[in-house]
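Numbered from 1 within each chain, the chains take letters A, B, ... in sequence-line order.
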Amino acid sequence: MTVKGRVLFDSERCKACGICIAFCPNEVLALDESHINGQGYTPAYAQKPEACIGCKICAMMCPDMAIIVERA
Amino acid sequence: MKGNEALAEGAIRAGCRGFFGYPITPSSEIAEYMARELPKVGGVFLQGESEVASINMVYGAAATGKRVMTASSSPGISLKQEGLSYIAKAELPCLIVNISRGGPGLGAIQAGQSDYFQATKGGGHGDYHLIVLAPSSVQEMMDFTMESFELAEKYRIPVMVMADGTMGQMMEPIIMRETVEEIPVKPWALTGCKGREKNVIDTFHSSGEELEKYDQILARKHQVISDSEKRGEAYQTEDAEIVVVAFGLMARIVKKSVDLARKQGIKAGMFRPITLWPFPYEMLDEASHAAQQILSVELNQGQMVEDVKLAVNGRVPVSFYGRISVLPSPEEILQQIVAFVRKEKGSYANGI
Amino acid sequence: MQTVFERPKSLTDHPFHYCPGCSHGVVHRLVAECIDELGLRENTIGVYAVGCVVLGHRYFNMDCIGAAHGRAPATATGIKRMDPEKTVFTYQGDGDLAAIGMAEIVHASARGENITVVFVNNGIYGMTGGQIAPTTLLGEITTTSPYGRKASVEGYPIKVAELLAQNEGSAYIARTSVSSPAGVIQTKKAIKKAFQVQQKKLGFSLVEVLAACPTNWGRAPVEALKWLDENMAVYYPVGEIKVKEA
């Protein structure tokens, strides 16, 4: 299966609001409970990166500009 | 020419190209003059929906680096204090004119000097000063207005011209001043960030340390102004045993009283602060070196008298005589002078 | 791989100070994207209000000025009148614009002041800690309406967009919401159109953006967006309310 899209997180900006996770159509994202960033949050990350289609909805909804999206 | 018109014409000649105001007696003629004349020179006149809006229009307009102003009268100046505090903190040059009337509340439309505290001690919230100039002739209404823009830009500070309502209405012949052709370019102005870093004009600090740092910079600026811009006029003070202190229109009346007193053999003199802030403390101290009595005459219940006392620091007794929105005659003030002299020195009582 | 989503040039790199899930970040970005796409960054002057946006100069990467509470439209008027070729926008919240600044916004609109207003309506005072705003919905509990907003006590929430649309000077008035991807796209379109209206010198333009304040609403970020859709957007219907053609 070819990778359609890729999400890159600037984890230090993330405030773990979960909005990107809620709006991702393919359930790619999750909060990384094993990691706490400099602001004290458990940042979002791509749990299932292979499912990303590069739709950029996550980045569009992110209030903190913590996500950069690439598309093949 | 009328005082208010001389002031407005002076502003235009100084290169003022923006006026934002709201009608109020006795300052409205300035707005009317600007509404008529500013468009002829490509300037902007806008009557705001309130004094509050007008001063905030001045805040934005001054941020563009152009010469701009507003004019109002006492109750209107109260409404402008919020905006003035922002303008002072943002260090934006502009001119604020107060054609002052009397009393707290709506007061009376007649001449008053009861905004002295408000004008000289900041006026709005926070630590700041305006440079305050007090003209006492129609010529000075024009001249001080023109100078205000220079001072405002030199120090990046709002300047106030404060004259009472009678000064605004008074008519006198004047010498027209040359139009200022070159207005300095302001590197700090909001002109769009093409080819440079962005400019920010802001008055908020998120930490006490930062605020303290910037307010100390403001304080140092105030000190420099205080050291270099104090102005006053001394009249017949060289040998004066009684010095009468008055500003604005009152100074003209007092000058006549001094002349009348001299005719009666009383060694009277007058001192007039021209800059109400910074107050010319040292000049007054010097002008009253021979005095045994100082009398502060004001159109209020005793405001400038506090600065007069600071100037002589207890060296000479200071008294106060005030009227409220009723101009005293030279003879009325002469009576005050005579009364003091009788009390102080019996010898003068002879023949008076 | 090609980058399809990145930071606009009209925003600085400074991380936002806003609470988790706060819509301000999204609206900031949309404004910046519109300014970028219209090529206006170097010709624009931003006027940000008092409220949560009080640190706006940290984020907007262009000449800008912090206005006094409610007075941004007056300050923007001063700038625009002195320099009509500049693009001037205000960024204001609902406490700022619809309470203390109601006179300034109504008159800027009535004058047809050729400025663009981005009005973020989250129905509450954010910065001061969640007090009732003129836009707070009936029944809502805030720190100064602890028993819920009652029409008999605090009156009714103000529909700013409809109110201003009545003014002849208003050239473009729209209401959008950033509660969904579709809403975000609509919001960007509306803001862009508002700037274009200004470029064409058609008059006053305003976009009221319905936004979430999860912290002061006491609702988790995702739940807040849902609540916004089901409540705010019902009382405050989205859409273009006034479009004056050239």
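Inter-residue side-chain proximity for B:Ile55 and C:Arg71 is flagged as unmet; no heavy-atom pair is nearer than 4.5 Å. In this structure the side chain of C:Val50 never reaches within 4.5 angstrom of the side chain of B:Phe204, judged on heavy atoms. In this structure, C:Val106 and B:Glu49 have side chains that are not in contact, with every pair of non-hydrogen atoms separated by 4.5 Å or more. Put simply, the side chain of B:Val44 reaches to within 4.5 Å of the side chain of C:Met82, judged on heavy atoms.
Contact detail for C:Ala74 and B:Ala53: the closest heavy-atom pair is CB-O, 3.5 Å. Closest heavy-atom contact between C:Arg58 and B:Ser206: NH2-OG, 3.3 Å.
Taking 4.0 Å as the cut-off between side-chain N and carboxylate O, C:Asp63 and B:Arg196 count as a salt-bridged pair.
The neighbour count for B:Lys121 NZ, taken as heavy atoms of other residues, nucleotides or ligands under 6.0 Å away, is above 12. Other residues, nucleotides and ligands place no more than 12 heavy atoms under 6.0 Å from the OH atom of B:Tyr22. For C:Glu168, the CD atom counts as loosely surrounded, since its 6.0 Å shell holds 12 or fewer non-hydrogen atoms of other residues, nucleotides or ligands. Annotation for C:Tyr156: atom OH does not count as buried by contact number, only 12 or fewer foreign heavy atoms lying within 6.0 Å. Within a 6.0 Å sphere centred on NZ of C:Lys189, heavy atoms belonging to other residues, nucleotides or ligands number 12 at most.
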For C:Glu104 and B:Asn56, what are the C-alpha separation, side-chain angles and deciding distance, and is it a side-chain contact (heavy atoms from CB on, under 4.5 Å)? CA-CA 10 Å; C:Glu104 283 76 10; B:Asn56 283 286; 5.6 Å; no
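Interatomic distance, CG of C:Asn61 versus NZ of B:Lys198, reported as 5.5 Å (0.5 Å rounding). A distance of 8.5 Å separates CD1 of C:Ile79 from OH of B:Tyr59, quoted to the nearest 0.5 Å. Taken from CZ in B:Phe19 to CZ in C:Arg81, the straight-line distance is 14.5 Å, to the nearest 0.5 Å.
Of the two parts of B:Thr64, only the side chain, counted from C-beta on, holds a non-hydrogen atom closer than 4.5 Å to a non-hydrogen atom of chain C. Only the side chain of C:Leu55 comes within contact range of chain B, with at least one heavy atom under 4.5 Å from a heavy atom of that chain. For C:Tyr48, the part sitting under 4.5 Å from any heavy atom of chain B is the side chain, from C-beta outward, and nothing else. Of the atoms belonging to C:Arg111, it is side-chain heavy atoms, and not backbone ones, that fall under 4.5 Å from chain B. No part of B:Ser85 comes within reach of chain C, as not one of its non-hydrogen atoms sits under 4.5 angstrom from that chain. Heavy atoms of B:Ala63 lying under 4.5 Å from chain C belong exclusively to its side chain. Using a 4.5 Å cut-off between heavy atoms, B:Ala62 makes no contact with chain C at all.
Chosen from B:Val68, B:Thr191, B:Thr203, B:Val58, the residue pairing most often with chain C at heavy-atom distances under 4.5 Å is B:Thr191. With respect to chain B, the highest number of heavy-atom pairs below 4.5 Å among C:Thr75, C:Val47, C:Thr12 belongs to C:Thr75.
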